[in-house]
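Just so we're on the same page: letters track the sequence lines, and every chain starts at 1. When reading the values below, keep in mind they use all heavy atoms of this one structure, side chains included, and skip hydrogens, waters and symmetry mates.
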Protein chains: 2
Amino acid sequence: MTLNKTTEYALTILGFMATRNENMYSAEYLHNQLNIPRRYLRRLLTDMSKHGFLKSTSGRNGGFVFDRDLKEISLAMIINTIEGSDAIFTCILGFSCCIVDKPCIMHDSWMEARSKMVDTLSNTTLADLKEKYQLDLIRNLKLL
Amino acid sequence: MTLNKTTEYALTILGFMATRNENMYSAEYLHNQLNIPRRYLRRLLTDMSKHGFLKSTSGRNGGFVFDRDLKEISLAMIINTIEGSDAIFTCILGFSCCIVDKPCIMHDSWMEARSKMVDTLSNTTLADLKEKYQLDLIRNLKLL
DNA sequence: TGTAAATACTACAAAAAGGTAGTAATATAT
DNA sequence: ATATATTACTACCTTTTTGTAGTATTTACA
């Protein structure tokens, strides 16, 4: 019922990067900000570069930036990419095969629950998060 | 983004038992019907007895039956019980602590997605599954 | 051109989840 | 009573996930 750690990290990292305005994020900097284990974080960043979310620059002053428009990256995409194919969309209970009868017993209730979630995750992009974050900032300033 | 295997098994077992009309289910029988590893299945059944979902009878002709009204067992309860406390209800991303700023960036979108799912899972009981299953049976008979 | 700051790659270690084995305990049937 | 069918307990093995280590490579800057 939970995302695995790696996916959680991925969302944290991309969510963080999407809402700040640096023009480059080094692994070291992200490690300090997000408290994700150094080496693991690095591997994940490299991974996300390979998957086309990020673009890496090696060498001094290097780091990572987005390689795609924030509007093009939904939460569902991140989860599916990191967690393996179609983590969200398949019948995770495996109910289509685990019980002799078909259709499986819980299939319908599960699919109903699931599809509600998928809708939200598919319709929320990093751009949405950024917008929300900045509105929140403004709102807080006004309250001061 | 998936339930773990153990929870999946638990749902499968309880779903199966809820929709049949045997008065006793032995581990061996359930193993044959559901293809869940023998020993693991047994341990899980014992576990579910300890958690009050089932009642066990030892010895020859023994087995497991429900120890509670089917109306009192929701899918959400099963998941939470097997998967550890509040698997469904807590902020699984850990976003309240993983980013220096609070509230966490994805908290809102995640909670929206999640609460939709929780609603369905909390409102569906094993009794509902049973009813649905039997209606389906009747419907299929009519089609023959 | 050498040094420092960064990513990239590969292999391994530790922890958690999933699964198995052996044996004890319990209850029924004959 | 004894054999058999069942659950209960404990320890261990396997696989997957998470995390670490060492070393190579790339690049900017003094």
Side-chain angles (χ1 to χ4, degrees), chain A residues 1-13 17 22-67 79 81-85 87 92-94 98, chain B residues 1-13 17 22-67 79 82-84 87 92-94 98:
Chain A
M1 201 53 220
T2 58
L3 297 175
N4 58 35
K5 271 279 170 90
T6 308
T7 311
E8 176 183 329
Y9 290 157
L11 286 167
T12 303
I13 295 163
M17 288 174 64
E22 307 294 330
N23 41 9
M24 186 70 96
Y25 297 83
S26 75
E28 196 55 22
Y29 174 72
L30 290 171
H31 165 71
N32 290 328
Q33 295 293 312
L34 303 175
N35 268 310
I36 297 169
R38 254 198 198 78
R39 298 306 200 105
Y40 205 62
L41 170 72
R42 290 204 169 166
R43 205 160 61 184
L44 182 50
L45 287 167
T46 306
D47 242 51
M48 292 198 286
S49 302
K50 287 185 180 152
H51 281 118
F53 292 121
L54 301 176
K55 191 163 48 184
S56 71
T57 312
S58 286
R60 193 162 177 160
N61 299 338
F64 299 85
V65 292
F66 281 104
D67 193 26
I79 294 173
T81 304
I82 303 301
E83 198 131 315
S85 64
I92 56 168
L93 290 182
C98 65
Chain B
M1 199 52 215
T2 59
L3 296 176
N4 59 35
K5 272 277 170 88
T6 307
T7 310
E8 176 182 329
Y9 290 157
L11 287 167
T12 303
I13 294 163
M17 289 175 64
E22 308 293 331
N23 41 9
M24 186 69 96
Y25 298 83
S26 74
E28 197 55 22
Y29 173 72
L30 290 171
H31 165 71
N32 290 327
Q33 295 294 313
L34 304 176
N35 269 311
I36 297 168
R38 256 197 195 78
R39 298 309 200 103
Y40 205 63
L41 170 71
R42 291 204 167 166
R43 206 160 62 179
L44 183 50
L45 286 167
T46 306
D47 242 50
M48 292 198 285
S49 302
K50 287 185 181 154
H51 282 117
F53 292 120
L54 302 176
K55 191 164 47 186
S56 73
T57 312
S58 285
R60 195 161 177 162
N61 299 336
F64 299 85
V65 292
F66 281 104
D67 193 26
I79 295 173
I82 303 300
E83 198 132 313
I92 56 169
L93 290 182
C98 65

[N], OP1 or OP2 - any side-chain N/O from [X] closer than 4.0 Å?
X     : N      : answer
B:T46 : D:dA8  : yes
B:K5  : D:dT17 : no
A:T57 : D:dT27 : no

Minimum-distance pair of heavy atoms, taken over all atoms of [X] and [Y]:
X     : Y     : value
B:S26 : B:G62 : CB-O, 4.1 Å
B:I82 : B:A10 : CG1-CB, 3.7 Å
A:F64 : A:M17 : O-CE, 3.7 Å
B:H31 : B:I36 : ND1-O, 2.7 Å

Base, sugar-phosphate alone, or nothing: which one does [X] contact when heavy atoms must sit under 4.0 Å apart?
X     : answer
B:R42 : base
B:Y9  : sugar-phosphate
B:S49 : nothing
A:K55 : nothing

If you check every side-chain atom of [X], which of [options] has the closest atom?
X     : options                : result
B:R39 : C:dG22, D:dA21, D:dT18 : C:dG22
B:R43 : D:dA11, D:dA8, C:dA5   : D:dA11
A:N61 : C:dA8, D:dA28, C:dT26  : D:dA28
B:P37 : C:dC9, C:dG18, C:dT20  : C:dT20
A:A27 : C:dG18, C:dT7, C:dA4   : C:dT7

Name the residue closer to the 5' end of DNA chain D, choosing between B:S26 and A:T6 according to the nucleotide with the nearest heavy atom. B:S26
Rounded to whole Å, please give me the gap between [atom1] in [X] and [atom2] in [N].
X     : N      : atom1 : atom2 : result
A:R38 : C:dA8  : CZ    : P     : 17 Å
A:L44 : D:dT18 : CG    : C1'   : 12 Å
A:K50 : C:dA8  : NZ    : C1'   : 7 Å
A:R60 : D:dA30 : CZ    : P     : 7 Å
A:F64 : C:dT7  : CZ    : C1'   : 6 Å
A:L45 : C:dA8  : CG    : P     : 9 Å
A:Y40 : C:dA16 : OH    : P     : 13 Å
B:N4  : C:dG19 : CG    : P     : 10 Å

Under 3.5 Å donor-acceptor, B:T12 side chain and B:E8 backbone: yes
Counting N and O atoms only, with roles assigned by atom type, does the side chain of A:T46 sit under 3.5 Å from a partner on the main chain of A:R42, one being a donor and the other an acceptor?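 Pair found, side chain donor or acceptor close to backbone of A:R42.
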